[in-house]
S.K.: 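Just dropping this structure here.
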Amino acid sequence: MRVLFIGGTGFISAAVSRMAIAQGFELYLLNRGSRIAHLPGSHGLTADIHRLEDVRATLQDLEFDVVVDWIAYTPDDIERDMALLRDRVKQYVFISSASAYQKPPAHYLITESTPLANPYWEYSRDKIACERRLMQAFRDEGFPVTIVRPSMTYDTNLPIAIGGWGSYTLAERLMTGRPIIVHGDGSSLWVVTHAEDFGRGFLGLLGNEGALGQAFHITSDEVLTWNQITETIAAAAGLEAEIVHIPSDFVAAIDPELGAGLLGDKSRSEVFDNAKIKRFVPGWEAEVPFAEGVARSIEWFEGDPARKAIDEERSAKLDRVVEAYEAGFPGA
Ligand SMILES: NC(=O)c1ccc[n+]([C@@H]2O[C@H](COP(=O)([O-])OP(=O)(O)OC[C@H]3O[C@@H](n4cnc5c(N)ncnc54)[C@H](OP(=O)(O)O)[C@@H]3O)[C@@H](O)[C@H]2O)c1
């Protein structure tokens, strides 16, 4: 199968690209080459997806069995992709987000039929608008879309509700004994999925005709509280976390940007029913326990000092929230 990933070297997609190559897919990666210059076994196409003329020149007259756009976020991105790919793809996979599911959820167990509605987070509303446009194109013109909604998926990053996704910031805060914010009382339920588990399910959907016009999430069946997630990350680094519990509303009042990702997503208990992906990809189930997966992530960071980037701006934001909270609740 000839497959194009737009993006393909990111937090989820780098692992999936490596797995696709190992499974014998003829893989093309279109990105700017700034994260990973070349992934051995793939065909590298260097272009900025927002520079349409460059993209057309790079793609020439290539046709694909499958195109996955890992970095489409708005309906404009979808219109661009449809115009670009309509006549040269048998399956187009849109990477949406499980944050698009109804917030707050009317039922704790999420299936693919859970309504899509998120009044709290623009990112999720944009993903919903993309899905709607694509399903309209599927109905009106047979555009061969498959929608995949990842939930929090990690590999070379540390899954945390606020504060340093994608950087070493959380680990640095743990190591220096700085407070780690856990929203609420830390007992709400959440699911984190290793990129390799996601990837095995995901690759089973590529070239799968039954998946056209369908939407899927692909998550672990291991359900954890946020306290457990935080303590497990700390334990993987050989440390204990200085957890400060702060209500999500308080975080949102002090810092609306940090708050949107809590109120619009992670403050709500969410558990996923993975029956659909198991039906479409027989034999698939998530296999990497969180304690093992996050230990691998820490090991990855430890493998090269260049990976230990700290997001100082974000860390300062977290300190401001903690200071504001402790000013109101001395000794909290
Ligand atoms: N991880 C999660 O927990 C999670 C949860 C829900 C949804 N998602 C969705 O998953 C997707 C992210 O997947 P990911 O892990 O691959 O993403 P990522 O970590 O954001 O990586 C972005 C990828 O796109 C490339 N890229 C960025 N800007 C580009 C541009 N202008 N032109 C061409 N290439 C560009 C990057 O390479 P260069 O920088 O070298 O160009 C890289 O390959 C998003 O759609 C997100 O909404 C993720």
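Quick caveat: nothing in here was measured; it's all calculated off a predicted structure. Count residues from 1 along the sequence. All ligand and atom numbering here is 1-based and tracks the order in the structure.
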S.K.: Please could you name the atoms of ligand 1 that Gly7 approaches to less than 4.0 Å, counting only its heavy atoms?
M.R.: 23 (C), 24 (O), 25 (C), 43 (O)
S.K.: Do me a favour and list the nearest non-hydrogen protein atom to atom 40 (O) of ligand 1 with residue, atom name and distance?
M.R.: Ser34 N, 2.7 Å
S.K.: I'd like to know if Arg133 pairs up with Glu79 as an ion pair, taking the criterion as any Lys NZ or Arg NE/NH1/NH2 lying under 4.0 Å from an Asp or Glu carboxylate oxygen.
M.R.: yes
S.K.: For the aromatic rings, using the six-membered ring if either is Trp, is the centroid distance between Phe143 and Tyr92 under 6.0 Å?
M.R.: yes
S.K.: What protein heavy atom lies closest to atom 16 (O) of ligand 1? Include the residue and the distance to one decimal.
M.R.: Ser13 OG, 2.3 Å
S.K.: For Ile95, counting its heavy atoms only, list the atoms of ligand 1 lying under 4.0 Å from any of them.
M.R.: 9 (C), 10 (O), 11 (C), 45 (O)
S.K.: Any atoms of ligand 1 less than 4.0 Å from a non-hydrogen atom of Thr153? List them with their elements.
M.R.: 1 (N), 2 (C), 3 (O)
S.K.: Might you point out which heavy atoms bring Ser220 and Val192 nearest each other, and give the distance in Å?
M.R.: CB-O, 3.4 Å
S.K.: Could you tell me which atoms of ligand 1, counted from 1 in the order shown, lie closer than 4.0 angstrom to a heavy atom of Ile12?
M.R.: 1 (N), 2 (C), 4 (C), 10 (O), 14 (P), 15 (O), 48 (C)
S.K.: List, one per line, each side-chain donor-acceptor pair under 3.5 Å for residues 44-54, sequence neighbours excluded.
M.R.:
| unit_1 | atom_1 | unit_2 | atom_2 | d |
| --- | --- | --- | --- | --- |
| Asp48 | OD1 | His50 | N | 2.8 |

S.K.: Taking the six-membered ring for Trp and the single ring otherwise, decide whether the centroids of Phe11 and Tyr154 are under 6.0 Å apart.
M.R.: no
S.K.: Do Glu312 and Lys317 meet the salt-bridge criterion of a basic N to acidic O distance under 4.0 Å?
M.R.: no
S.K.: Could you tell me if any non-hydrogen atom of Ala98 lies under 4.0 Å from any atom of ligand 1?
M.R.: no
S.K.: For atom 11 (C) of ligand 1, what's the nearest protein heavy atom and its distance?
M.R.: Trp70 O, 3.1 Å
S.K.: For Arg132, I'd like to know if atom CZ has over 12 heavy atoms of other residues, nucleotides or ligands within 6.0 Å.
M.R.: no
S.K.: Take every heavy atom of Ala47, measure it against each atom of ligand 1, and state whether any distance is under 4.0 Å.
M.R.: yes
S.K.: Could you find the nearest protein heavy atom to atom 42 (C) of ligand 1 and give me its residue, atom name and distance?
M.R.: Thr9 OG1, 3.4 Å
S.K.: What is the ring orientation for Phe198 with Phe202, classed by angle as parallel under 30°, tilted 30 to 60°, or perpendicular over 60°?
M.R.: parallel
S.K.: With a 4.0 Å cut-off on heavy atoms, is Phe5 touching ligand 1?
M.R.: no
S.K.: Taking a cutoff of less than 4.0 Å between a non-hydrogen atom of the residue and any ligand atom, is Ser96 in contact with ligand 1?
M.R.: yes
S.K.: Quick one: does Arg35 get an N or O within less than 3.5 Å of an N or O on ligand 1?
M.R.: yes
S.K.: For atom 34 (N) of ligand 1, find the nearest protein heavy atom and state the residue, atom name and distance (0.1 Å precision).
M.R.: Asn31 CA, 3.4 Å
S.K.: Would the number of heavy atoms belonging to other residues, nucleotides or ligands and lying under 6.0 Å from CD of Glu313 be above 12?
M.R.: no
S.K.: With atoms numbered from 1 as shown, which atoms in ligand 1 lie under 4.0 angstrom from a non-hydrogen atom of Asp48?
M.R.: 30 (C), 31 (N), 32 (N)
S.K.: Should you measure from each heavy atom of His50, which atoms of ligand 1 turn up under 4.0 Å away?
M.R.: 31 (N)
S.K.: Could you check atom 28 (N) of ligand 1 against the protein and tell me its nearest heavy-atom contact, residue, atom and distance included?
M.R.: Arg32 NH2, 3.2 Å
S.K.: Can you report which non-hydrogen protein atom sits closest to atom 6 (C) of ligand 1, along with the distance?
M.R.: Pro150 O, 3.1 Å
S.K.: Given Val16, Ile71, Ile6, Asp265, which has its nearest heavy atom closest to atom 26 (N) of ligand 1?
M.R.: Ile71
S.K.: Taking the ring centre of each residue, are His194 and Phe290 less than 6.0 Å apart?
M.R.: no
S.K.: So is there a nitrogen or oxygen of Ile36 less than 3.5 Å from a nitrogen or oxygen in ligand 1?
M.R.: no
S.K.: Nearest protein heavy atom to atom 17 (O) of ligand 1, by residue and atom, and its distance?
M.R.: Gly10 CA, 4.0 Å
S.K.: Does ligand 1 have a heavy atom under 4.0 Å from the side chain of Ser151, from its backbone, from both, or from neither?
M.R.: backbone
S.K.: If every non-hydrogen atom of Ser248 is compared with every non-hydrogen atom of His183, which pair is closest and at what distance?
M.R.: OG-CB, 3.4 Å
S.K.: Taking the non-hydrogen atoms of Arg149, is any one of them nearer than 4.0 angstrom to ligand 1?
M.R.: no
S.K.: Would you mind running through ligand 1 and noting each atom that sits below 4.0 Å from a heavy atom of Met152?
M.R.: 3 (O)
S.K.: Can you label the angle between the Phe250 ring and the Tyr325 ring as parallel, tilted or perpendicular, going by 30° and 60°?
M.R.: perpendicular
S.K.: Look at the rings of Phe272 and Tyr101 and say which category their plane angle falls in: under 30° parallel, 30 to 60° tilted, over 60° perpendicular.
M.R.: tilted
S.K.: Is ligand 1 less than 4.0 angstrom away from at least one heavy atom of Tyr123?
M.R.: yes
S.K.: Do Ile12 and Asp155 have side chains that get closer than 4.5 Å, going by heavy atoms?
M.R.: no
S.K.: Show, in sequence, the C-alpha distance, side-chain angles and deciding distance for Glu209 and Lys90, and conclude whether the salt bridge (Lys or Arg N to Asp or Glu O under 4.0 Å) test is met.
M.R.: CA-CA 9 Å; Glu209 275 186 32; Lys90 296 188 189 128; over 6 Å; no
